[in-house]
Colleague: 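One structure, as structure tokens, below. Some questions next.
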Number of protein chains: 2
Amino acid sequence: MKSRQEPLLRGKLKGYGYRITQGREAIMNVLADAKEHLSAEDIYIKVYASYPAIGLTSVYRTLEVLVSTGLVYKFDFGDGRARYEIAEGRRGEAHHHHLVCTGCGRVIDYADFINEELALLKKTEAGLSKKYNFTIINHLIQFYGFCSKCKTNKNAK
Amino acid sequence: MKSRQEPLLRGKLKGYGYRITQGREAIMNVLADAKEHLSAEDIYIKVYASYPAIGLTSVYRTLEVLVSTGLVYKFDFGDGRARYEIAEGRRGEAHHHHLVCTGCGRVIDYADFINEELALLKKTEAGLSKKYNFTIINHLIQFYGFCSKCKTNKNAK
DNA sequence: ATTGTTAATGGATGTCATTTTCATTTACTC
DNA sequence: GAGTAAATGAAAATGACATCCATTAACAAT
Ligand SMILES: [Mn+2]
Ligand SMILES: [Mn+2]
Ligand SMILES: [Zn+2]
Ligand SMILES: [Zn+2]
């Protein structure tokens with residue numbers, strides 16, 4: 001299965017002067033199809049299945065390129081390794097933020113209240129840009145706490 | 001100079017069943033007086049000056065305790081090491097969020113719009129708690145972009 | 001299609017923040 | 001003051017990620 005936004009990614013990368021390599025295409029496809037928040041090694045393993053010439057080093061380098069061009073987001077959910085997620089979601093999924101369980105590490109995507117959040121962020125960005133002469137490129141919102149499972153285990157203990 | 005919130009910290013730690021040790025006190029004092037966002041090694045160096053028996057391992061362990069009890073916040077600003085900040089600010093400083101420059105790594109504290117942000121966060125938290133059965137303990141908001149210096153350098157280039 | 005240029009690559013190796021291990025010490029209880 | 005379990009420091013291990021460098025592949029110009 002070929003992912004639909006591949007041409008978008010290719011076009012954007014070319015626009016930045018980057019070459020389209022087999023490894024980069026494979027990585028982009030894995031990210032486009034991913035349902036979870038993948039680590040560099042996760043991506044390496046998935047790409048390796050269909051393109052065993054891939055090297056972990058190139059995965060890191062490609063991810064850096066994709067993040068720097070804004071095609072991919074990089075997150076720290078506190079488990080000691082970076083996690084990656086395609087920016088323009090598969091099948092036009094909406095922008096979302098995250099709930100992070102500090103008990104088990106589970107990460108929940110949410111898009112509830114996202115419009116209010118984005119409206120406030122926009123307003124805040126405008127104010128902060130002016131006051132601090134700071135150009136805002138993007139934002140990060142995460143909530144930390146305990147998921148249903150960990151909440152229960154806690155009470156049980 | 002002894003910091004004012006020291007007794008608060010001591011009381012809270014004891015409440016969690018932790019012992020008050022010389023190292024922990026020294027670390028708490030450094031954090032209480034800090035004006036920047038310190039790394040574990042930064043803290044180690046500062047503590048070492050007045051308490052050379054301290055070990056870096058204990059700094060890490062104490063920070064873990066302080067973070068888990070909510071006395072200290074742990075941040076990832078993207079420079080490859082964790083940064084720490086006392087939760088109840090020196091001299092009752094207000095809760096704040098961060099602007100992170102991806103050019104030079106500078107981190108700016110801001111409290112502008114914080115009330116609107118916190119109001120929305122509270123509302124969002126209520127909705128998310130119910131929908132996902134998730135107990136929210138705290139939140140993270142950061143803006144990424146270019147500070148005034150890096151903006152200029154970029155144009156110059 | 002062939003060639004030339006240079007970005008991109010993979011594997012080996014290095015780095016460095018953080019964790020683990022373990023014998024010793026210290027904070028707190030009685 | 002003695003008992004005990006938590007806390008500690010130093011050394012060693014871990015692991016994510018970066019760097020190095022000789023080789024390869026993408027792409028543009030023939
Ligand atoms: Mn997500
Ligand atoms: Mn701060
Ligand atoms: Zn959980
Ligand atoms: Zn900057």
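Order of the sequence lines fixes the chain letters, A, B, ..., with proteins taken first and strands second; residue numbering starts at 1 for each chain. What's counted below: heavy atoms across the whole structure, side chains too, no hydrogens, waters or symmetry copies.
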Colleague: Between residues 72-81 of chain A and DNA chain D, which residues have a heavy-atom gap below 4.0 Å?
Modeller: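 Those residues whose heavy atoms fall under 4.0 Å from DNA chain D, taken from residues 72-81 of chain A in numerical order, are G80(A), R81(A).
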Colleague: Where along residues 16-24 of chain B does a heavy atom fall under 4.0 Å from DNA chain C?
Modeller: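 Correct list: R19(B), I20(B), T21(B), Q22(B).
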Colleague: Earliest and latest nucleotide of DNA chain C, 5' to 3', sitting under 4.0 Å from a non-hydrogen atom of chain B?
Modeller: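 The contact span of chain B on DNA chain C goes from dA17(C) to dC28(C).
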Colleague: Side-chain contact, heavy-atom cut-off 4.5 Å: H98(A) with D109(A)?
Modeller: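 When only atoms from C-beta onward are counted, D109(A) and H98(A) do touch, with a gap below 4.5 Å.
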Colleague: For the helix from dA1(C)-dT30(D) to dC30(C)-dG1(D), measure the angle between the helix axis at one end and the axis at the other, each built from five pairs, rounding to 10°.
Modeller: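 Rounded value for the end-axis angle: 50°.
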Colleague: What is the first contacted nucleotide of DNA chain D and what is the last, in 5' to 3' order, if contact means an atom lying under 4.0 angstrom from a heavy atom of chain A?
Modeller: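 Contacts span dA16(D) to dC27(D), reading 5' to 3'.
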Colleague: Let me see the working for L140(B) and Y144(A) under side chain to side chain contact (heavy atoms under 4.5 Å, CB included), right down to the final yes or no.
Modeller: CA-CA 8 Å; L140(B) 174 69; Y144(A) 294 91; 3.8 Å; yes
Colleague: For residues 47-61 of chain A, which residues have at least one heavy atom under 4.0 Å from DNA chain D?
Modeller: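 Within residues 47-61 of chain A, the residues near DNA chain D are T57(A), Y60(A), R61(A).
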Colleague: Is there a side chain to side chain contact (heavy atoms under 4.5 Å, CB included) between Q142(B) and V107(B)? Walk through the geometry before answering.
Modeller: CA-CA 10 Å; Q142(B) 291 179 2; V107(B) 176; over 6 Å; no
Colleague: Short question: side chain of S58(B), backbone of I54(B) - any donor-acceptor pair under 3.5 Å?
Modeller: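 No.
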Colleague: Once the angle between the rings of H97(B) and H95(B) is folded into 0 to 90°, is it parallel (under 30°), tilted (30 to 60°) or perpendicular (over 60°)?
Modeller: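 Geometry flag for H95(B) against H97(B): perpendicular rings.
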Colleague: Is any side-chain heavy atom of I141(A) less than 4.5 Å from a side-chain heavy atom of H139(B)?
Modeller: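 Heavy-atom side-chain distance check fails, nothing below 4.5 Å.
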Colleague: Can you list the residues that meet the side chain to side chain donor-acceptor pair (under 3.5 Å) rule with Q22(A), with sequence neighbours excluded?
Modeller: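 Scan of Q22(A) (side chain to side chain donor-acceptor pair (under 3.5 Å), adjacent residues dropped) gives none.
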Colleague: Determine, step by step, whether F134(A) and C147(B) satisfy the side chain to side chain contact (heavy atoms under 4.5 Å, CB included) criterion, reporting the C-alpha distance in whole Å, the side-chain angles of both residues, the deciding distance to 0.1 Å, and the verdict.
Modeller: CA-CA 5 Å; F134(A) 192 103; C147(B) 75; 4.0 Å; yes
Colleague: Tell me, yes or no, whether the heavy-atom count around E116(B) atom CD, taken from other residues, nucleotides or ligands under 6.0 Å, exceeds 12.
Modeller: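 It does: E116(B) CD has more than 12 such atoms within range.
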Colleague: Mind running side chain to side chain contact (heavy atoms under 4.5 Å, CB included) on T124(B) and D112(A) for me, showing each step along the way?
Modeller: CA-CA 8 Å; T124(B) 307; D112(A) 312 84; over 6 Å; no
Colleague: What residues, two or more places apart in sequence or in another chain, satisfy side chain to side chain donor-acceptor pair (under 3.5 Å) together with S39(B)?
Modeller: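 Scan of S39(B) (side chain to side chain donor-acceptor pair (under 3.5 Å), adjacent residues dropped) gives D42(B).
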Colleague: Got a donor-acceptor contact below 3.5 angstrom from the R24(B) side chain to the R19(B) backbone?
Modeller: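 Yes; judged by distance alone, with no hydrogens or angles, the pair exists.
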Colleague: For E125(B), what residues pass the side chain to side chain donor-acceptor pair (under 3.5 Å) criterion, not counting sequence neighbours?
Modeller: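 Applying side chain to side chain donor-acceptor pair (under 3.5 Å) to E125(B) gives none.
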Colleague: Can you name the side chain to side chain donor-acceptor pair (under 3.5 Å) partners of T135(A), sequence neighbours left out?
Modeller: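 For T135(A) the side chain to side chain donor-acceptor pair (under 3.5 Å) partners, ignoring immediate neighbours, are K151(B).
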Colleague: Please verify the inter-ring angle class for Y110(B) with F143(B); under 30° counts as parallel, over 60° as perpendicular, anything in between as tilted.
Modeller: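 Ring orientation, 0 to 90° scale: tilted.
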Colleague: Taking only residues two or more places apart in sequence, or in another chain, which ones meet Y48(B) in a ring pair (Phe, Tyr, Trp, His ring centres under 6.0 Å)?
Modeller: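 So Y48(B) forms a ring pair (Phe, Tyr, Trp, His ring centres under 6.0 Å) with Y44(B).
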Colleague: What side-chain donor-acceptor pairs closer than 3.5 Å can you find for residues 67-81 of chain B, not counting sequence neighbours?
Modeller:
from, atom 1, to, atom 2, distance (Å)
S68(B), OG, E64(B), O, 3.4
S68(B), OG, V65(B), O, 2.9
T69(B), OG1, V65(B), O, 3.0
T69(B), OG1, L66(B), O, 3.0
D76(B), OD1, G78(B), N, 2.9
D79(B), OD1, R81(B), N, 3.4
D79(B), OD2, R83(B), NE, 3.2
D79(B), OD2, R83(B), NH2, 2.7

